[in-house]
Each structure stands twice: as C-alpha cells, then as structure tokens.
Student: 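Please see the structure below; I have some questions.
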Amino acid sequence: MLEHLGSFKRTHYCGEVTGKDIGDRVRVAGWVDSTRDHGGVVFVDLRDRSGKVQVVFSPEISEELVEKAKRLRDEYVIAVEGEVRRRPPGTENPKLKTGQIEIYAEKLQILNKSLPLPFPIEDDVKVGEETRLKFRFLDLRRKRMAENIIFRHRLYQVTRRVFNEEGFIEIETPYLTKSTPEGARDFLVPSRIYPGKFYALPQSPQLFKQILMVSGFDRYYQIARCFRDEDLRADRQPEFTQIDFEMSFVSERDVMDVAEKVIRTLYKELLGIEVGEIPVMTYDEAIKRFGTDRPDTRFGLELREITDVAETCSFKVFRTVVENGGIVKAINFKGGAKLSRKEIDDLTKFVGIYGAKGLAWIKVTANGLQSPIVKFFTEGEMNEILKRLEAEVGDILFFVADKPDVVNASLSNLRIKLGRMAGLIDDSKVNLLWVVDFPMFEWNEEENRWEALHHPFTSPKEEDVEKLLEDPASVRARAYDMVLNGVEIGGGSIRIHREDIQEKVFKVIGLSDEEAKERFGFLLEALKFGAPPHGGMAFGLDRLCAIMRGEESIRDVIAFPKTQKGQCLLTGAPDTVRPEQLEELHISVKLEEEE
RNA sequence: GGGGACGUAGUUCAGUUCUGGUUAGAACGCCGGCCUGUCACGCCGGAGGUCGCGGGUUCGAGUCCCGUCGUCCCCGCCA
C-alpha cells in the first residue's frame with residue numbers, strides 16, 4: 001500500500017502556494033491535517049511547516065484517485081501533484097493563507113501511514129503536559145509549538161548577527177570540565193580513563209570566557225548550554241541556554257550598551273517593537289520600593305517602610321520585630337477596602353508561603369478606619385502611616401513585620417498578586433530595567449559564612465576594595481542585571497582581573513588558599529600573566545524567548561524539555577545502564593536502604 | 001526536603017466530599033456505512049474503561065481511610 005518517493009520533487013511548501021500559481025502544476029508533500037469525504041469529492045488539508053493547503057480529489061479527474069484518497073487518515077504522509085485552481089466563488093476560506101486556491105490532485109503517493117493520534121494536532125492545547133511530552137514529536141507539529149521553535153531559531157540568528165557586527169568572536173568552550181565549589185550542584189560525568197575522577201558539566205562558561213580575555217580575544221560570545229543540578233520550575237530546566245559574552249578594556253556601560261543593542265534588535269526585528277530608553281535602578285532602591293531585585297515596573301503598588309513608626313507604637317507584634325532587628329513595610333492596595341474577610345485570609349495564607357507569620361491590614365472607609373490593629377496606634381502614628389501610604393477612602397493597607405528578607409519576599413510577591421487581581425499589569429508592555437550596585441556578599445546563615453551574591457569573580461567597586469576584609473557587608477559589586485517585566489533575563493559584571501583582589505574575595509567567602517588553588521588554580525594562574533580588565537554578561541535565552549512569545553513556561557520554547565522531576569518522558573532518561581558500563585567507569589551503585 | 005492542585009475511554013471532562021448501592025456517562029477522536037463544495041462538513045450505526053497503583057474499612061468502594069507513583073504550581077534550593 002505504501003509507495004516510495006521515487007522521482008518526486010517538491011515544488012512548493014504547502015503554505016506558499018498562492019494565487020500567482022493558478023494554472024500551474026505543483027508538487028507538494030506533507031501530513032494529512034484533515035480529510036472531508038463527501039462521497040463524490042474528497043477534500044484533504046495538507047500541512048507542512050509552512051502551513052496548510054486544500055487538496056481536492058475529484059471524480060472529474062479520476063475516480064480511481066478519489067477511491068485512493070478515501071483511504072487517507074489524519075497524519076498520513078503523502079505527496080501530491082496537481083493543478084492550482086482558483087476556488088469556486090463562495091467557497092474561499094479566509095481563515096487559511098492559501099484559502100483562495102486549491103490543488104486539483106492528479107497524482108497521489110501515500111508515503112507513510114500514521115496510527116490514530118493520542119491527541120489532536122490543534123492550536124488550542126487541551127492536552128495534559130505528560131502526554132504532550134511523551135509524544136513530543138506530535139506536540140511539535142502543533143502550529144504554536146512549531147512557531148515557538150522557529151522563532152527561537154530566528155532569535156539565535158539575529159543574536160549572532162548583532163555580535164558579529166560588533167566585532168565579537170564566537171568560541172566554543174568545553175562541556176566536560178572541572179567541578180568548582182560555590183554555586184549550583186554540578187552534574188558529574190565519570191572518567192573511564194581516570195578511575196574515581198569526574199568531569200563536571202559547566203554551570204556556565206564563566207571561567208573559560210575570562211581566560212579567553214587573558215588570551216586576548218577581546219570580544220567573545222557563545223550561545224552556550226549550561227547545566228545545573230537543582231530543582232526545576234516553570235522557568236528553570238536542568239540544562240538551559242545562555243547568550244554569553246565577554247569584553248576586555250570596558251566599563252559597566254560598555255557591556256550594557258552591547259546588551260541593549262542585542263535586546264533592541266531582537267525586539268525590533270522579531271516583534272516589531274521599539275524598545276525605549278532603559279532606566280537604571282540601584283539594588284537598594286529596588287529592594288526599598290519593590291522588595292525585590294527584579295521589580296516589575298509595569299504597575300505601582302510600591303512598598304513603603306514604616307519601621308520607625310512601628311518602633312514606637314504599642315502594637316507588640318510590630319515593636320518586638322523591630323526590637324529584634326526586623327522591619328515593617330506596607331503596601332496600599334488602592335480600592336481594596338471591599339475585600340472580604342475570606343479574601344484577606346487567603347492573602348494571609350499567601351504571604352505565609354514566604355515565611356510571613358501574619359498580614360496586618362487597615363481598611364480606609366468613609367466611616368473611618370476598620371482594622372484589628374488600629375487601636376494600638378496613636379492618632380499621630382496612624383496619621384503618619386496614612387500619609388506615608390497615601391491612603392484614601394476605599395483603600396486597604398497591608399503590613400508585614402519580620403526579618404527584612406521575609407518582609408520583602410512576602411510583600412513583593414503580594415504586590416504581584418494584587419496587581420494581577422486588580423488587572424493592573426498590562427501584558428503588552430515591555431518594561432526593561434537595569435538593576436545595578438548589588439552588594440558583593442550575602443551572609444549564609446546555614447554555613448555561617450559570607451557568600452558571593454553574583455559569583456566570586458565579580459569585581460568590587462573600586463572605592464570599596466579597601467573595605468573588603470573588614471566590612472564585607474558594605475562592599476558593592478560592579479554587577480548589573482537586566483530585568484524584563486519582573487523577570488531577570490540577564491546579568492553580568494566587571495570581573496576581577498588582579499590576583500591580589502581575587503585572593504581577598506576568596507578569603508572573605510572562606511575559601512582557603514589551598515582550596516582556591518585546587519579548584520580555581522587555572523584561573524588564578526591566568527590572572528598572573530597579563531589579564532586585561534574585562535567584564536561581560538549572559539542572557540537566559542530560554543526565558544527571553546518565552547517572554548517574547550508570551551509563553552508561561554520555558555518548556556514551551558525548548559524542543560525536548562524535562563519534567564519537574566528531571567525526566568525526559570520521550571526517551572525515558574535518566575535510566576539504568578548495563579553493569580559493564582558501570583564496570584568500565586569504575587562505579588558501583590549504592591542504593592539507599594528501604595525503610 | 002516541604003506545601004498545594006490534579007490523576008475516570010485515545011483526548012478533554014462529568015460522576016467522587018457533605019450523602020458508598022444494580023449495567024461508570026458526555027463531547028471530540030477512532031471503526032463501518034451513506035453523502036460532489038467542505039474546511040469544527042453532515043447523517044446513520046458501532047467499538048472502546050485495571051476509575052494511576054497497592055492495601056484497608058464495608059454485605060458492597062470510582063466514591064471513605066492509609067500508603068505509593070506520576071504531572072503541574074510554589075517554598076527551600078538555583079553565585
């Protein structure tokens with residue numbers, strides 16, 4: 001029943017047969033998108049990556065051919081030769097790009113069959129993700145998904161062109177490399193040749209690109225795969241792609257200018273959107289106003305601090321928090337006074353996710369303030385709070401008192417939730433923002449030591465170098481993040497190019513000379529041989545692509561993504577291997593005892 | 001490691017709690033038949049179920065209880 005392709009040569013993609021081809025003989029090939037058998041005449045929508053075209057099998061051409069067409073089923077693979085005709089008046093289909101014409105089939109080759117589909121190949125996804133991932137090859141036939149993948153391809157090409165125009169050199173760096181401390185958990189690859197030793201897959205090309213600067217390439221870029229063995233999220237996969245670049249003899253602004261050019265060109269060429277001036281905000285301001293280092297600036301509802309008022313008030317919960325070094329911040333949800341008790345309870349539960357032990361509130365109504373806590377404040381204190389939050393009748397004020405991290409995490413997320421509830425977030429907006437002047441270090445409670453906020457190769461601000469050892473908390477980094485609609489899409493820094501400063505930073509984060517040498521010796525060595533001042537950045541390509549395509553999850557812009565538990569449902573990875581393979585790798589597997 | 005939602009036909013779902021009870025339904029898809037202008041074609045007929053899995057309670061479990069597995073969202077984690 002199946003036929004060979006033989007001498008068939010395609011003349012057109014399905015979606016590209018147009019009115020200009022009327023009267024011409026064309027040959028198309030693809031998948032049967034749907035069939036409509038009218039007994040006499042049979043219509044087949046034929047689909048390939050370019051779109052669909054209607055093929056007509058008419059008894060006027062050949063009864064035999066019509067009989068053959070009746071055997072077609074969805075997703076059969078066929079090749080068709082026929083004449084392009086204008087559709088009879090009244091039968092045009094405005095929904096199809098090719099809806100003005102149709103192909104009168106004269107030859108039909110059935111190249112392959114298809115089993116009935118586990119789910120329909122339709123734009124509207126009404127299928128569970130598990131099924132989609134298992135049959136990813138079918139999922140990728142869906143228009144939306146195919147367009148995502150093709151969009152991603154164009155994103156690569158525009159990116160490469162911009163970097164090429166700017167004099168960057170594309171260089172590949174190793175995937176099999178050395179495990180380094182700090183940062184995420186590594187994926188390890190056992191060495192066959194060196195028993196007991198392991199390669200690590202790179203978390204990013206960071207060290208190599210710095211070394212390339214020492215080598216004098218001056219401007220490097222790469223669209224690189226990165227690997228981190230951490231738990232997954234909608235925007236996090238164990239392997240993901242970075243647009244990675246690095247430059248010598250530059251300041252922050254030089255790197256940021258290149259980054260802006262990439263983003264501007266991508267938005268303009270792929271979406272026809274002109275990106276305006278990109279504002280710059282300090283880390284401190286972002287935390288103060290939004291409670292996060294990646295604020296969504298498409299809407300207001302900014303946070304206000306009232307720690308000073310809370311300190312003097314008679315509300316014990318607030319005062320105790322402040323006395324123990326905590327803070328109190330608040331948010332004014334404009335027009336929220338109509339929230340029900342249950343809605344407020346739900347919001348209280350919501351901030352609980354981020355560690356908040358409660359959510360105090362004050363409703364501002366025409367009949368005065370309505371709140372369980374208002375009695376603990378003097379009139380003066382209350383007036384100050386109302387003034388600071390610009391409260392008006394109809395508003396509701398929410399307060400969280402806790403450690404700064406908890407307050408900021410709770411209220412920044414509450415802000416997003418309220419913004420969504422009230423429809424304040426305009427999804428058509430493209431709000432880009434630079435966040436700069438990050439702290440160099442943050443205190444790790446568990447390990448009781450300082451940690452690099454960015455990474456340990458980030459240069460401290462020149463004026464802060466003196467304070468490195470005595471006051472790490474106050475040292476600011478020459479780092480910058482690019483934020484798009486509340487999502488961190490990229491970040492980078494000016495690096496340390498001097499060995500003496502690098503050693504100090506290692507000292508602050510408690511990395512001994514021996515360990516630093518053992519783990520990063522190759523970089524430290526390179527820094528001794530004329531390392532130029534340099535800096536760079538990396539964009540998260542998957543996130544950027546997802547946002548530009550309006551997708552909620554980066555899985556939808558990755559051809560073969562993994563599930564939240566890190567499985568590939570298509571291939572079944574990860575899986576066991578043959579004992580001989582383990583033997584060769586000098587590995588014995590020790591499974592934990594079942595309880 | 002933790003919290004939450006979901007899991008019933010190929011697919012999407014109803015039924016599931018309050019209130020356990022005869023043969024588990026619908027739509028789409030699939031199979032067969034009819035149909036010469038459809039494009040969500042139409043009409044007639046048909047097949048299709050380990051109710052995720054395991055255990056328990058009960059005369060009786062899709063429904064109640066315990067455990068477990070899977071998918072998704074989130075916290076932790078992710079420089």
Side-chain angles (χ1 to χ4, degrees), chain A residues 33-46 52-61 63 66 70 73-75 87-96 98-99 102 114-122 124-135 138 180-186 203-204 206 226-238 240 349-356 406 409-410 413 417 438-442 444-446 450-458 477 479 481 488 491-493 505 509 538 540 552-553 555 562-565 567 569 594:
Chain A
D33 195 70
S34 65
T35 61
R36 291 173 295 282
D37 178 356
H38 283 251
V41 68
V42 175
F43 299 97
V44 169
D45 286 345
L46 190 62
K52 297 187 220 173
V53 67
Q54 175 164 280
V55 179
V56 184
F57 295 89
S58 166
E60 288 148 28
I61 304 283
E63 297 269 4
V66 171
K70 286 182 189 219
R73 294 293 177 267
D74 285 357
E75 301 305 308
R87 290 197 186 192
T91 66
E92 301 89 351
N93 184 354
K95 287 185 215 156
L96 277 187
T98 59
E102 59 196 2
S114 170
L115 290 173
L117 298 174
F119 56 85
I121 313 280
E122 281 171 4
D124 291 323
V125 199
K126 291 196 205 81
V127 189
E129 194 145 1
E130 201 173 346
T131 314
R132 288 175 56 201
L133 290 177
K134 191 170 167 193
F135 296 95
L138 297 178
T180 53
E182 296 284 300
R185 192 178 294 114
D186 284 319
Q203 296 176 25
S204 82
Q206 184 60 36
C226 306
F227 305 86
R228 295 177 190 177
D229 189 5
E230 297 292 347
D231 286 346
L232 282 65
R233 287 284 195 287
D235 62 352
R236 270 163 32 192
Q237 285 273 307
F240 60 100
K349 228 177 269 171
F350 175 78
V351 294
I353 294 171
Y354 306 96
V406 170
S410 303
N413 285 293
K417 192 178 178 75
F438 282 80
M440 188 76 184
F441 305 104
E442 67 185 341
N444 183 322
E445 295 273 349
E446 276 173 34
W450 291 102
E451 251 178 7
L453 185 73
H454 217 68
H455 57 58
F457 317 108
T458 301
D481 275 5
E488 185 205 321
S493 62
V505 170
I509 63 174
E552 294 288 322
S553 163
R555 290 187 300 277
K562 304 208 168 27
T563 68
Q564 196 162 42
K565 289 240 173 96
Q567 278 197 67
L569 295 182
E594 282 179 40

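A, B, ... follow the sequence lines: proteins, then strands. Residue 1 opens every chain. Just so it is clear, the values below take in all heavy atoms, side chains as well, and ignore hydrogens, waters and symmetry mates.
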Student: In whole angstrom, give the distance that lies between atom CG of A:D74 and atom P of B:rC28.
Tutor: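 Rounding to the nearest Å, CG of A:D74 and P of B:rC28 are 15 Å apart.
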
Student: How far does the C1' atom of B:rU22 sit from the matching atom of B:rA61, given to the nearest Å?
Tutor: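 Each nucleotide's C1' atom is 15 Å from the other's.
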
Student: What is the distance, rounded to the nearest whole Å, between atom CG of A:D186 and atom C1' of B:rC78?
Tutor: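 It works out to 12 Å between those atoms.
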
Student: Do A:V55 and A:F57 make a side-chain contact, defined as non-hydrogen atoms from C-beta onward lying under 4.5 Å apart?
Tutor: yes

Student: Would you say that A:S493 contacts A:H455 through its side chain, given a criterion of any heavy-atom pair below 4.5 Å between the two side chains?
Tutor: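 SC-SC contact between A:S493 and A:H455 confirmed.
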
Student: Determine whether a donor-acceptor pair (N or O, by modelled atom type, separation under 3.5 Å) exists between the side chain of A:R87 and the backbone of A:G99.
Tutor: yes

Student: Between B:rC66 and B:rC72, how far apart are the two C1' atoms, rounded to whole Å?
Tutor: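 One C1' to the other, the span is 24 Å.
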
Student: Let's test this: given Watson-Crick or G-U wobble pairing with both distances under 3.5 Å, identify the partner of B:rG37.
Tutor: none

Student: List the protein contact pattern of nucleotides 72-77 of chain B with one symbol per nucleotide (5' to 3'): B for base contact, S for sugar-phosphate-only contact, - for none; contact means a heavy-atom distance under 4.0 Å.
Tutor: BBBBBB

Student: So do the side chains of A:P238 and A:L232 get within less than 4.5 Å of each other, counting heavy atoms only?
Tutor: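 Yes, close enough: below the 4.5 Å cut-off.
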
Student: Applying a 3.5 Å limit to both distances, which nucleotide forms a Watson-Crick or G-U wobble pair with B:rG70?
Tutor: B:rC6

Student: Over how many whole Å does the gap from A:E63 atom CD to B:rC35 atom P extend?
Tutor: 12 Å

Student: Compare side-chain N and O positions of A:R132 against OP1 and OP2 of B:rU11 and report whether any pair is under 4.0 Å apart.
Tutor: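 So the side chain of A:R132 is outside the cut-off, no N or O lying under 4.0 Å from OP1 or OP2 of B:rU11.
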
Student: Please check if the side chain of A:E75 supplies one atom and the backbone of A:L115 the other of a donor-acceptor pair under 3.5 Å.
Tutor: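 Between the backbone of A:L115 and the side chain of A:E75 there is no qualifying donor-acceptor contact (under 3.5 Å).
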
Student: Distance-only, no hydrogens or angles: does the A:E451 side chain make a donor-acceptor pair with backbone N or O of A:I509 under 3.5 Å?
Tutor: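 Absent.
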
Student: Heavy-atom distance under 4.5 Å between the side chains of A:K70 and A:V66, does that happen here?
Tutor: yes

Student: For the side chain of A:T458 and the backbone of A:M440, is there at least one donor-acceptor N/O pair under 3.5 Å apart?
Tutor: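 Pair absent, no side-chain N/O of A:T458 close to backbone of A:M440.
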
Student: Rounding to the closest angstrom, what is the interatomic distance between B:rG21 and B:rU58 at atom C1'?
Tutor: 12 Å

Student: Within the 4.5 Å heavy-atom criterion, are A:D186 and A:Q203 side-chain neighbours or not?
Tutor: yes

Student: Judged by each residue's nearest nucleotide on RNA chain B, which is more toward the 5′ side, A:T131 or A:A452?
Tutor: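 Counting from the 5' end, the first nearest nucleotide belongs to A:T131.
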
Student: From NZ of A:K126 over to P of B:rC13, roughly how many Å is that when rounded to an integer?
Tutor: 10 Å

Student: Considering only the C1' atoms, how many Å lie between B:rG52 and B:rC77, rounded to the nearest integer?
Tutor: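 So the two C1' atoms sit 29 Å from each other.
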
Student: Could you state the CD-C1' distance from A:E130 to B:rU11, rounded to the nearest angstrom?
Tutor: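 Going from A:E130 (CD) to B:rU11 (C1'), I get 13 Å.
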
Student: B:rG37 and B:rG42: how far apart are their P atoms, nearest whole angstrom?
Tutor: 14 Å

Student: Please determine, for B:rG45, whether a Watson-Crick or G-U wobble partner exists with both distances under 3.5 Å, and give it or none.
Tutor: B:rC31

Student: Across all strands shown, which nucleotide pairs with B:rU58 by Watson-Crick or G-U wobble geometry, both distances under 3.5 Å?
Tutor: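 Per the H-bond distance test, none.
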
Student: In whole Å, what is the span from the CD atom of A:E122 to the C1' atom of B:rG29?
Tutor: 10 Å

Student: With rounding to the closest Å, how many angstrom separate the P atoms on B:rA9 and B:rA26?
Tutor: 14 Å

Student: Between B:rG25 and B:rG49, how far apart are the two P atoms, rounded to whole Å?
Tutor: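 Comparing P positions in B:rG25 and B:rG49 gives a spacing of 13 Å.
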
Student: Quick test of your reading of the model: are A:R236 and A:D231 salt-bridged, counting only N-O distances below 4.0 Å?
Tutor: no

Student: So does A:P116 get a backbone contact from the side chain of A:R73, meaning a donor-acceptor N/O pair under 3.5 Å?
Tutor: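 No.
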
Student: For each nucleotide in nucleotides 37-49 of chain B, reading 5' to 3', give B when a protein heavy atom comes within less than 4.0 Å of its base, S when such contact involves only the sugar-phosphate, and - otherwise.
Tutor: BBBSB--------

Student: Going by heavy atoms in the side chains, are A:V505 and A:F441 under 4.5 Å from each other?
Tutor: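 A side-chain contact under 4.5 Å exists here.
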
Student: Please list, pair by pair, any protein nitrogen or oxygen found under 3.5 Å from a nitrogen or oxygen in nucleotides 3-8 of chain B.
Tutor:
none

Student: Name the residue closer to the 5' end of RNA chain B, choosing between A:Q567 and A:R228 according to the nucleotide with the nearest heavy atom.
Tutor: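 The 5'-side residue here is A:Q567.
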
Student: Considering all heavy atoms of both residues, which atom of A:S410 and which atom of A:Y354 are nearest to each other, and what is their separation?
Tutor: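 Scanning both residues, the minimum pair turns out to be OG-CB, 3.7 Å.
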
Student: Using atom C1' in both nucleotides, what's the gap between B:rC69 and B:rC30 to the nearest angstrom?
Tutor: 30 Å

